[in-house]
Amino acid sequence: MLTVAVLISGTGSNLRALLEAARHPDFPARIVVVGADRDAEGLAHAEEFGIPSFTVPFRAFADRESWGAELGHRLDAWSPDLIVLSGLMRLLPASLVARYTPQIINTHPAYLPEFPGAHGVRDALAAGVTQTGASVIVVDDGIDSGPILAQERVPVLPDDTENTLHERIKPVERRLLIDVVRRIATGDLALTH
Ligand code: GAR
């Protein structure tokens, strides 16, 4: 059974979908812990599903390196086989990425390498494209630059706002993420970097 740690910053809708998938007895992965870099709304999903959680507040540390050291320490306690960044809005320090690579994956609301970074949905809208997408990638020490594991196109509609477009992308992200985690767990998908 693949053990998974999930890291979030926000509402945790992708986390919730993963928790729902993972509670089925035939799903080949288990979420063992959920972590956050702030007092994230999505931590409530972990509590509801009886999954332990922790918060390592980014702002409580002098720099990214010391924050990442504490985060790594908290993750190590669970020895996860896989770490899923599910809306974690912080870059991990290179030292933490190096320690777990290639076992860290990230879900992103754009068709990478298009529109990397913290505002993938906003940037796609601003560019005036007619389609964007969702991607699941292996995390490397760049910004959304690691190997692509799965991705799918999503249309941009003429009257879309950042919110309506993001809400159209999120269900696609959820489906891709659950499928990628399942395929990693069954050995159908090998992680490389
Ligand atoms: C998701 O769309 C995720 O891809 C995005 O944050 C959202 C979190 O939603 N992550 C990034 O943009 C990372 N660059 P959620 O908290 O409802 O799952």
Side-chain angles (χ1 to χ4, degrees), residues 4-23 29 31 33-49 51 53-58 64 67-68 71 82-94 96-97 100 104-127 129 131-157 160-181:
V4 181
V6 183
L7 299 179
I8 64 167
S9 296
T11 54
S13 64
N14 287 307
L15 162 68
R16 187 178 182 90
L18 211 46
L19 285 165
E20 281 170 356
R23 80 173 159 197
I31 298 174
V33 70
V34 176
D37 66 322
R38 66 189 75 174
D39 187 17
E41 201 183 317
L43 289 171
H45 300 307
E47 190 178 355
E48 186 186 328
F49 281 72
I51 305 295
S53 66
F54 63 81
T55 304
V56 182
F58 185 82
R64 186 176 310 281
W67 169 72
L71 183 59
L82 183 71
I83 297 170
V84 176
L85 309 188
S86 184
L88 182 76
M89 301 307 283
R90 300 273 177 203
L91 286 180
L92 298 177
L96 182 56
V97 173
Y100 275 100
I104 310 176
I105 66 171
N106 182 35
T107 172
H108 184 74
Y111 199 87
L112 292 169
E114 300 168 6
F115 312 116
H119 304 292
V121 180
R122 190 184 308 171
D123 293 347
L125 263 187
V129 293
Q131 52 177 2
T132 179
S135 306
V136 180
I137 63 168
V138 177
V139 172
D140 66 8
D141 54 10
I143 298 176
D144 298 323
S145 54
I148 293 165
L149 299 171
Q151 60 185 170
E152 196 171 306
R153 285 291 186 186
V154 174
V156 180
L157 302 183
D160 263 337
T161 63
E162 186 174 347
N163 188 49
T164 59
L165 180 54
H166 204 167
E167 289 308 312
R168 188 174 314 112
I169 293 169
K170 278 189 177 185
V172 179
E173 280 191 79
R174 286 175 209 141
R175 181 161 42 74
L176 293 181
L177 182 61
I178 291 166
D179 189 52
V180 162
V181 172

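Remember, it's 1-based here, ligands and their atoms both numbered in the order they're listed.
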Subset of ligand 1 atoms that lie under 4.0 Å from at least one heavy atom of Gly117: 14 (N)

Among Gly12, Gly87, Ser9, Gly42, which one puts a heavy atom closest to atom 16 (O) of ligand 1? Gly12

Around atom 13 (C) of ligand 1, find the nearest protein heavy atom and jot down its residue, atom name and distance. Met89 SD, 3.7 Å

What's the shortest distance from atom 18 (O) of ligand 1 to any protein heavy atom, and which residue and atom give it? Asn14 N, 2.9 Å

Check whether any side-chain heavy atom of Leu176 sits under 4.5 Å from a side-chain heavy atom of Thr107, and report yes or no. no

Arg168 (side chain) donor-acceptor with Pro155 (main chain) under 3.5 angstrom: yes

Keeping His166 on the side-chain end and Arg122 on the backbone end, is there a donor-acceptor pair under 3.5 Å? no

Backbone or side-chain N or O of Thr11 under 3.5 Å from ligand 1 N or O: yes

So, Ser135 side chain and Leu112 main chain: donor-acceptor pair closer than 3.5 Å or not? yes

Full working for side-chain contact (heavy atoms from CB on, under 4.5 Å) between Leu7 and Asp37: CA-CA 8 Å; Leu7 299 179; Asp37 66 322; over 6 Å; no

If you measure from each heavy atom of Ile8 to ligand 1, is any distance below 4.0 Å? no

So which protein heavy atom does atom 5 (C) of ligand 1 come closest to, and at what separation? Pro109 CD, 3.8 Å

Under 4.0 Å, counting heavy atoms only: does His166 come that close to any atom of ligand 1? yes

Does Arg153 make a cation-pi contact with Tyr111 (under 6.0 Å, within 45 degrees of the axis)? yes

Give a yes or no on whether the backbone of Thr11 and the side-chain of His45 come within a donor-acceptor separation of less than 3.5 Å. yes

Is there a donor-acceptor pair under 3.5 Å between the side chain of Asp160 and the backbone N or O of Leu157? yes

Counting from 1, what ligand 1 atoms have a heavy atom of His108 closer than 4.0 Å? 4 (O), 14 (N)

Heavy atom of the protein closest to atom 4 (O) of ligand 1 (residue, atom name, distance): Glu173 OE1, 2.4 Å

Only heavy atoms of Ser13, strictly under 4.0 Å: list the atoms of ligand 1 that pass. 15 (P), 16 (O), 17 (O), 18 (O)

